[in-house]
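Input: a single structure, listed below in structure tokens.
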Amino acid sequence: MNRGSRRYESKLAPLRCRALGRRLDLSAKKSQVPVVSRKTTALDRSPQGLRGPGSTVDWARRLAAEVGAIMEAHPEAEPENIRRALISLQSPPLERLNRSLRRGRGFAAFRK
Amino acid sequence: VAEVLPLSESELRLLGSLVQHEVPFMLVGLSAAALQGAPVVTEDVDLWFENLNDPRLIPALQAVGAAYAPPFGYNPPMLAGSGSEPFDVVVHMSGLGSFADEWKHALDVSLGPLTLKVLALDRILASKLAANRPKDRLVIPVLRDTLITLASRKRRELDP
């Protein structure tokens, strides 16, 4: 159903709303978004690096598979903890500590 | 919103000075857990010293403009001065052996240019289980799951 081309005609709506609906033209109009930017936001034109081997999607798939494998062996574990630990292990120790402190101090700032 | 800074250069310098002066200490608590990959947050870095009367401690702190403040009133033993802000002094760990016993199993972890002794994650979990304060109980599942993750990774490395 093309919802954009239909005027607002609900009989349940109060009279004032129906009058407003009649004044508003909700039919489809020509998009004001420039052609270039519409092209870049289309799903079939993903930014480079999002798909393919070694890409973001590939990384996310491998992460999900690893979480799945661990959860299969340890159903008592919390998948969120496993996922976050795996992500944390991808960065060097100093970065892990910095992230932990940054977030901890951030929470402390909210508490004050 | 003010920027929340991570471990600063002066803080790293303080740790470096302790290492350089061969003061026996190790990182413990949640900062040590974070270093080993636990997705936890913390406000401070706990340093467990073998002996606060160690003659090498004062020169190590003085070299970077810091100082040791002995316990007084409600104040526990503390570090003060340049680069000391995030560090808490620990003299006893619940549920663990002596410093010397734990030192034998401590890990060497690279922290930028430094290599520090860090209490192993299973021992951090043991101390949290023993302390059993409300804040400890919150992180116990996270530490357990991180240990599971590390063990699983190790198994996969040995048997890919």
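The chains referred to below are lettered A, B, ... by the order of the sequence lines, with proteins before strands, and numbering in each begins at 1. The model shown is predicted, which means the values in this text are computed figures rather than measured ones.
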Could you check whether any side-chain N or O of A/Arg96 sits under 3.5 Å from a backbone N or O of B/Leu35, counting only pairs where one atom can act as donor and the other as acceptor?
yes
Using a 3.5 Å distance criterion without hydrogens, assess whether the side chain of A/Ser100 forms a donor-acceptor pair with backbone atoms of B/Val40.
yes
Applying a strict under-4.5 Å side-chain criterion to I, L, V, M, F, W and Y, I'd like to know whether [X] and [Y] cluster together.
X: B/Ile148; Y: B/Leu129; value: no
X: B/Leu96; Y: B/Ile124; value: yes
X: B/Leu138; Y: A/Leu101; value: no
X: A/Leu97; Y: B/Val142; value: no
X: B/Phe87; Y: B/Val90; value: no

Among B/Leu27, B/Thr42, B/Leu30, B/Thr146, the residue with the most heavy-atom pairs under 4.5 Å to chain A is B/Thr42
Under a 4.5 Å cutoff for heavy-atom pairs, which residue among B/Val109, B/Leu150, B/Leu114, B/Leu111 has the most contacts with chain A?
B/Leu111
Tell me, for A/Glu80 versus chain B, whether the close heavy atoms (under 4.5 Å) come from the side chain, the backbone, both or neither.
neither
Step by step, work out the side-chain contact (heavy atoms from CB on, under 4.5 Å) result for B/Arg153 and A/Leu89.
CA-CA 10 Å; B/Arg153 284 216 136 181; A/Leu89 287 166; 4.0 Å; yes
Please list, chain by chain and in numerical order, all residues satisfying side-chain hydrogen bond (donor to acceptor under 3.5 Å, both in side chains) with B/Ser82, sequence neighbours excluded.
none
Could you pull out all residues at least two apart from A/Asn81 that satisfy side-chain hydrogen bond (donor to acceptor under 3.5 Å, both in side chains)?
B/Asp145
Taking all non-hydrogen atoms of both residues, which atom of B/Pro39 and which atom of A/Ala85 are closest, and how far apart?
CG-N, 3.8 Å
OG on B/Ser152 to CG on A/Leu86, rounded to 0.5 Å:
7.5 Å
With a strict 4.5 Å heavy-atom criterion, list every residue of residues 70-78 of chain A that contacts chain B, or say none.
A/Ile70, A/His74, A/Glu76, A/Ala77, A/Glu78
ring-ring contact (aromatic ring centres under 6.0 Å, His included) pairs, two or more places apart, involving residues 39-60 of chain B:
B/Phe25-B/Phe49, B/Trp48-B/Phe99
Winner by heavy-atom pair count (cut-off under 4.5 Å) against chain B, out of A/Ile87, A/Ile82, A/Val67
A/Ile82
